[in-house]
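When a residue number appears, it is its place in the shown sequence, counting from 1. Any value given below was found using the heavy atoms of this structure, including those in side chains, with hydrogens, waters and symmetry copies removed. Just so you know, these numbers come straight off a predicted model, no measurement behind them.
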Amino acid sequence: ACRESQVELREHIDSLATELCRINEDQKVALDLDPYVKKLLNARRRVVLVNNILQNAQERLRRLNHSVAKETMRRRAMLEAAGGYPQGLPSK
């Protein structure tokens, strides 16, 4: 959900920057919208950077979760082979 909102934000920034450029070209009176376009592009760059960080963190968490599940199954198998679970641990 967070990644999707990051992508949507990036798309909105892109469309707004495009719209500002179009408005600037269509104006009879020259307005200098370049600083605003640059700010939008800078914001877009930051959104992309945060999105990449988020994706990397989610991938690391996924791998960690997989490793924990694998280790849990390994220990459960060891306990079963050693004569069952200690008191209080449910078997699955």
Side-chain angles (χ1 to χ4, degrees):
C2 191
R3 264 196 276 182
E4 291 173 12
S5 67
Q6 294 282 321
V7 170
E8 286 178 29
L9 180 58
R10 187 177 68 219
E11 289 170 354
H12 286 297
I13 289 171
D14 287 344
S15 69
L16 187 55
T18 302
E19 186 69 18
L20 280 176
C21 288
R22 189 191 60 75
I23 289 170
N24 197 30
E25 291 170 358
D26 291 347
Q27 290 295 319
K28 296 187 191 303
V29 177
L31 294 175
D32 188 18
L33 296 177
D34 284 341
Y36 302 105
V37 171
K38 286 179 183 177
K39 284 182 182 182
L40 280 171
L41 294 176
N42 188 33
R44 181 191 187 281
R45 183 186 56 79
R46 288 188 307 234
V47 166
V48 168
L49 180 64
V50 168
N51 190 36
N52 288 340
I53 291 169
L54 179 62
Q55 285 177 336
N56 290 338
Q58 286 177 330
E59 179 59 25
R60 286 193 304 267
L61 283 172
R62 187 194 64 75
R63 286 193 311 259
L64 181 61
N65 187 39
H66 178 73
S67 295
V68 167
K70 189 175 177 180
E71 181 64 16
T72 301
M73 288 188 333
R74 186 186 71 77
R75 288 183 183 207
R76 184 169 286 142
M78 284 176 52
L79 285 172
E80 287 174 352
Y85 281 88
Q87 294 261 333
L89 287 179
S91 63
K92 286 190 175 182

Can you name the residues that form a side chain to side chain contact (heavy atoms under 4.5 Å, CB included) with [X], not counting sequence neighbours?
X: R62; value: E59
X: V7; value: R10, E11, N51
X: R22; value: E19, D26

**Request:** Report yes or no: do V48 and V50 belong to one cluster of Ile/Leu/Val/Met/Phe/Trp/Tyr joined by side chain heavy-atom distances under 4.5 Å?
**Result:** no
**Closest heavy-atom pair and its distance - L40, I13** = O-CG2, 3.2 Å
**Request:** Grab the two heavy atoms, one from L41 and one from A17, that are nearest each other, plus how far apart they are.
**Result:** CD2-CB, 4.4 Å
From [X] atom [atom1] to [Y] atom [atom2], the distance as rounded to the nearest 0.5 Å:
X: T18; Y: I23; atom1: OG1; atom2: CD1; value: 11.0 Å
X: L9; Y: E4; atom1: CG; atom2: CD; value: 13.5 Å
X: R45; Y: K38; atom1: CZ; atom2: NZ; value: 14.0 Å
X: L16; Y: R44; atom1: CG; atom2: CZ; value: 13.0 Å

